[in-house]
Student: 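Starting off with a structure, shown below.
Atoms within a ligand are numbered from 1 in the order they appear, just like the ligands themselves.
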Amino acid sequence: MPTDPPTATPDRAAGKPGNGRFAPSPSGDLHLGNLRTGLLAWLFARSTGRGFLMRVEDLDRVRPGAAERQLADLAAIGLDWDPPVVWQSERLLLYRAAIERLIAAELTYECFCTRKEIQQAVTAPHGPMGAYPGTCRNLTDLQKRQRRAEGRPAALRLRAGVTEFTVTDRLLGEYRGAVDDLVLRRGDGTPAYNLAVVVDDADQGIDQVVRGDDLLPSTPRQAYLATLLELPVPEYAHVPLVLNPAGQRLAKRDGAVTLRDRMALGESPQRVLGLLAESLGYTDATTPSGLLKQFRPETLPREPWRLDPNGLLQPS
Ligand code: GLU
């Protein structure tokens, strides 16, 4: 592999902490759980002297205007970030350069499988559950030509050299999880999430990734990919999600779950911030900076936050 990754992390070289970040996908308004994760990412970063960056992950699932609303809501509860806001859709050249490096290192292959074919295929005999079974891993040139002639759009996959990889999580400890031949570039040419996130985190000098624990299973893949690209692996902290009273992930249908929903019911952004802080075990907070002194990662709740959005409306 070439030895000069397309990234610059001068602060890291100087031994200073790098940056934390929040990276929402603009598919709709953030709900209280997303806002809580954003608050935690801010607290982790600011309490350790890190910069805090905002990245809009708009490579897919974009709802027009959603990113602007998300940023406005995060600002309304008092979060700030270091400019500029980064939009993934403006960074395609960076992703392409990383993909080219992996192609040059013969670490990729074209995959012509449809989603349905992958679902129907049996998991690879020695691979992790749900892993891509490697159908297209060893196609001959003739087979590739045939598939192209059928007009099948090819995704590009990583030729992974491992089936598992271990990462260290600040809250959860060591986590060993599956690595498969993950997609790097989708059939429509869009860089895949796992590739973009790895490239961006390194390029932005992010050495601390705080996000919802639904992303924990993707983390060994991302850390492995970072090492293949000779990029530093950040510190991770995966935080619990918010669940509705039935124990499912909080969703729109659960009631007044966004900041705008809460404000329509007469709650101020400060009150919503206070509610998020209470869910973390802190009382009397009206601003994120008011929480900084009290913030102790080790004492954070490790269980999901159980929230009844309708119950919130009853006087306590
Ligand atoms: N964009 C992803 C999401 O909103 C988060 C990615 C990340 O934090 O690494 O679920």
Student: Show me which atoms of ligand 1 lie under 4.0 Å from any heavy atom of Val197.
Tutor: 9 (O)
Student: Which atoms from ligand 1 have a heavy atom of Tyr193 less than 4.0 Å away?
Tutor: 6 (C), 7 (C), 9 (O)
Student: If you measure only the distance, is there a donor-acceptor pair under 3.5 Å linking the side chains of Asn194 and Gln222?
Tutor: yes
Student: Answer yes or no: are there more than 12 heavy-atom neighbours, outside Glu150 itself, under 6.0 Å from its atom CD?
Tutor: yes
Student: Could you see which bit of Asp214 sits under 4.0 Å from ligand 1, with heavy atoms only: side chain, backbone, both or neither?
Tutor: neither
Student: Hey, is Glu110 close enough to Arg148 for a salt bridge, meaning N to O under 4.0 Å?
Tutor: yes
Student: Answer yes or no: does atom CZ of Arg176 have more than 12 heavy-atom neighbours from other residues, nucleotides or ligands under 6.0 Å?
Tutor: yes
Student: Is it the case that ligand 1 has an N or O less than 3.5 angstrom from some N or O of Ala23?
Tutor: yes
Student: Where do Asp82 and Arg46 land on the salt bridge (Lys or Arg N to Asp or Glu O under 4.0 Å) test, with the steps shown first?
Tutor: CA-CA 11 Å; Asp82 307 330; Arg46 294 293 193 219; 3.2 Å; yes
Student: Does any N or O atom in Ser25 lie less than 3.5 angstrom from one in ligand 1, N or O only?
Tutor: yes
Student: Find all atoms of ligand 1 within a distance of less than 4.0 Å from any non-hydrogen atom belonging to Arg21, and give their numbers and elements.
Tutor: 7 (C), 8 (O), 9 (O)
Student: Determine, considering heavy atoms only, which of Gln222, Gln88, Arg211, Glu57 sits nearest to atom 1 (N) of ligand 1.
Tutor: Glu57
Student: At what distance is the nearest protein heavy atom to atom 10 (O) of ligand 1, and which residue and atom is it?
Tutor: Leu215 CD1, 4.1 Å
Student: Judged by modelled atom types alone, do Gln204 and Asp200 share a side-chain donor-acceptor pair under 3.5 Å?
Tutor: no
